[in-house]
Amino acid sequence: MISVRTVTFAPNHPILMADLALYRKYRPARFNHLMGQNHVQKTILNAIKSGHLSHAYLFCGPRGTGKTSTARLVAKAINCITPDPEGESCNQCDYCLMMNQGSLVDLIEIDAASNRGIDEIRDLREKIRFAPNQAPHKVYIIDEVHMLTTPAFNALLKTLEEPPPHAYFILATTEIHKVPDTIISRCQRFDFRRIDQETLVDRLRYISQQENVEAEEAALELISRSSQGGMRDAISLFEQTLREGKLHLSVVQEVLGLVGNEGAIHLFSALEQKETSLALSEIQKLHEEGHNLYQFNREFLEFLRARLLEDLEKPEKVAQRLYWIDLFQKASVELKNTLIPQLPLEIAAIKACFWGQEQKNESWFSGLWQHKKEEPAPVTAPSSVSAGPSPLRHVASTSSDALPAPQEEGLKQVPQEGPSLADIKTNLPRVIEKIVTPSIRQSLNTALLHGLNKNVVQFQFQSKFHLEKVSSNTGKMEIESALETVFGAKLKVECDMSQVDNLLNKTLEIFGGELIE
Ligand SMILES: [Zn+2]
């Protein structure tokens with residue numbers, strides 16, 4: 001089975017390492033171009049203008065948020081001889097040009113994560129005493145500084161304690177908690193934030209225009225959401241999903257693994273269509289084909305998570321996805337202990353198919369079976385084509401914790417059109433609660449729930465006053481709307497005097513009396 005790729009990336013993920021040409025091309029050349037890190041930008045520009053740059057900076061924050069780009073801008077600013085009044089480097093002097101070409105030997109970039117990086121730190125202390133070769137200052141950028149060994153940290157600390165006037169340090173890390181306090185306290189620290197989605201989309205749109213790319217807006221948005229606030233990831237994914245100068249949502253989905261394995265797709269589509277028996281057959285099929293259902297459930301959860309991220313803008317979808325994820329998360333716990341491997345998935349699938357109904361009526365499942373007793377439906381045989389034990393029968397006969405169900409009955413007869421009389425009886429207080437006008441609420445409170453005829457709910461009253469109140473157009477409308485809110489079904493309201501009361505009224509008429517309450 002092909003596994004479903006998740007939407008987030010581990011550092012150095014091949015997807016992200018492959019395409020960085022555009023990222024390099026659009027790397028900020030000025031502080032002004034730095035995206036989403038205004039606090040860093042302002043403070044550093046002020047320091048440059050006032051000539052008070054620190055000898056040691058520590059940049060921390062998530063990957064791809066501009067730490068290394070900023071470090072290079074600072075390095076350039078340290079050596080630029082003709083900065084503009086805003087503090088931006090001129091990009092014209094010899095040092096700026098060498099920096100931009102990557103040929104300035106006095107900029108030393110060390111990747112602490114590589115073995116070579118450790119060695120470089122070791123002889124850093126010796127070399128740092130020598131004057132710079134070309135530029136006025138030597139700048140050391142140490143990336144992923146948290147990866148240094150203890151001896152290397154000690155060597156670095158000694159250097160930071162008494163740096164030569166010509167030396168500057170910029171340390172960058174994604175894991176600040178792994179950097180010793182002694183190092184942190186020697187540096188001016190900046191926390192880089194995740195870049196917000198709007199800024200990412202704006203930047204991608206800008207690059208699209210510059211590169212003459214025809215980009216679907218939804219594709220840009222999906223890329224931005226998947227990049228979790230990282231500009232590098234966003235641009236890299238953008239570049240990787242370009243096809244002949246076009247950016248299509250479908251390609252982005254494909255590359256992100258939003259198109260998962262067949263089993264996950266089939267189950268998902270059955271749930272979307274609320275096809276319970278189809279969903280159960282799919283689970284049974286996976287079981288019979290010998291798939292590990294625990295593993296499948298993991299992949300299915302990843303698939304659902306991808307769908308959730310994809311649909312973040314649609315509140316109704318988000319609620320549904322969260323509900324489903326919750327169901328299948330629970331299933332994964334139960335899958336470890338179940339005697340019947342299909343059962344936890346089947347329960348989750350059944351509940352998922354009834355999304356929308358269960359939320360509107362917590363007692364929906366119990367109401368389901370009461371309803372059936374009142375209005376028996378013809379029993380339909382389970383539709384599974386397999387020769388083995390039917391998945392439908394498993395559910396009905398063994399999942400008594402989830403469904404207070406009668407034994408050995410299929411689910412096809414489940415009526416789905418509306419609540420039963422018992423449902424309405426149980427939930428009448430909730431219906432009354434939902435009524436806005438106090439007088440109508442009070443009047444309905446005095447009513448007797450008399451019956452349910454198809455979709456007509458019948459109430460009886462002992463008082464003409466309350467009957468008239470509820471029978472008014474507003475009264476009926478309010479009650480019908482409250483019924484719909486609680487049960488998710490369109491129901492009509494019919495009101496009548498109760499027989500007992502009619503008799504009383506007749507008596508009063510005959511004897512000309514008056515009812516004293
Ligand atoms: Zn310059």
Side-chain angles (χ1 to χ4, degrees), residues 5-38 40-41 59-76 91 99-102 109 111 113 141 143-144 172-174 190 192-258 306 309-310 312:
R5 245 180 286 146
T6 52
V7 186
T8 50
F9 308 101
N12 306 327
H13 190 287
I15 282 190
L16 298 177
M17 300 307 285
D19 301 280
L20 287 169
L22 276 182
Y23 174 68
R24 292 200 186 96
K25 183 171 173 186
Y26 288 94
R27 191 163 230 175
R30 301 164 57 84
F31 284 100
N32 240 346
H33 296 164
L34 202 60
M35 295 282 145
Q37 313 295 350
N38 291 348
V40 179
Q41 180 190 329
F59 294 166
C60 47
R63 55 197 302 271
T65 49
K67 297 185 296 296
T68 314
S69 300
T70 308
R72 289 190 184 147
L73 289 176
V74 173
K76 189 155 67 175
N91 282 315
M99 269 291 304
N100 289 348
Q101 290 158 7
E109 292 195 53
D111 178 7
I141 296 177
D143 209 2
E144 302 294 350
T173 180
T174 48
F190 286 98
F192 283 64
R193 300 172 188 146
R194 290 186 196 281
I195 302 163
D196 65 82
Q197 211 197 312
E198 214 182 312
T199 307
L200 287 174
V201 172
D202 283 349
R203 187 66 179 164
L204 293 180
R205 207 183 286 122
Y206 170 79
I207 295 174
S208 304
Q209 284 157 3
Q210 297 298 308
E211 299 290 319
N212 285 321
V213 168
E214 229 177 86
E216 289 176 9
E217 192 66 15
L220 296 181
E221 282 167 11
L222 179 56
I223 290 176
S224 304
R225 278 203 302 277
S226 318
S227 310
Q228 306 204 331
M231 185 65 81
R232 185 171 59 222
D233 288 1
I235 298 178
S236 166
L237 183 55
F238 172 88
E239 185 166 10
Q240 212 207 343
T241 46
L242 283 184
R243 298 288 183 271
E244 292 164 0
K246 293 196 170 118
L247 184 79
H248 292 296
L249 178 63
S250 57
V251 179
V252 180
Q253 287 171 326
E254 193 186 326
V255 170
L256 283 174
L258 298 184
L309 291 174
E310 195 181 22
L312 279 180

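As the structure is a computational prediction, the values presented were derived from the model and not from experiment. Nothing fancy with the numbering, it's 1 onward along the sequence.
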Result block: side-chain N/O donor-acceptor pairs under 3.5 angstrom for residues 26-35, not counting sequence neighbours:
residue : atom : partner : partner atom : Å
Tyr26   : OH   : Glu211  : OE2          : 2.6
Arg27   : NE   : Ser69   : OG           : 3.1

Would you check if [X] and [Y] make a side-chain contact, meaning some heavy-atom pair closer than 4.5 Å?
{"X": "Gln37", "Y": "Thr70", "value": "no"}
{"X": "Ile207", "Y": "Val213", "value": "no"}
{"X": "Ile223", "Y": "Leu247", "value": "yes"}

Can you name the salt bridge (charged side-chain N to carboxylate O under 4.0 Å, His left out) partners of Arg205, sequence neighbours left out?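 Counting only residues at least two positions away or on another chain, Arg205 forms a salt bridge (charged side-chain N to carboxylate O under 4.0 Å, His left out) with Asp202, Glu217.
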
For Ser224 versus Leu204, what's the shortest heavy-atom pair and its separation?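 Minimum heavy-atom contact is OG-CD1, 3.8 Å.
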
Which atoms form the tightest heavy-atom contact between Gly66 and Phe192, and what is the distance?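 Shortest heavy-atom contact: O-CE2, 3.6 Å.
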
Short side-chain to backbone donor-acceptor contact, [X] and [Y], under 3.5 Å:
{"X": "Lys67", "Y": "Pro62", "result": "yes"}
{"X": "Arg232", "Y": "Tyr23", "result": "no"}
{"X": "Arg225", "Y": "Glu310", "result": "yes"}
{"X": "Glu216", "Y": "Leu249", "result": "yes"}
{"X": "Lys76", "Y": "Asn100", "result": "no"}

Could you tell me whether Glu198 atom CD has more than 12 heavy atoms of other residues or ligands within 6.0 Å of it?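 For Glu198, atom CD is not crowded (no more than 12 foreign heavy atoms under 6.0 Å).
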
Do you know which of Thr173, Thr65, Val74 makes side-chain contact (heavy atoms from CB on, under 4.5 Å) with Phe59?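 Output: one option passes, namely Val74.
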
Run the side chain to side chain donor-acceptor pair (under 3.5 Å) test against Thr174 and tell me which residues pass, sequence neighbours left out.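 If we apply the side chain to side chain donor-acceptor pair (under 3.5 Å) test to Thr174, skipping adjacent residues, the hits are Glu144.
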
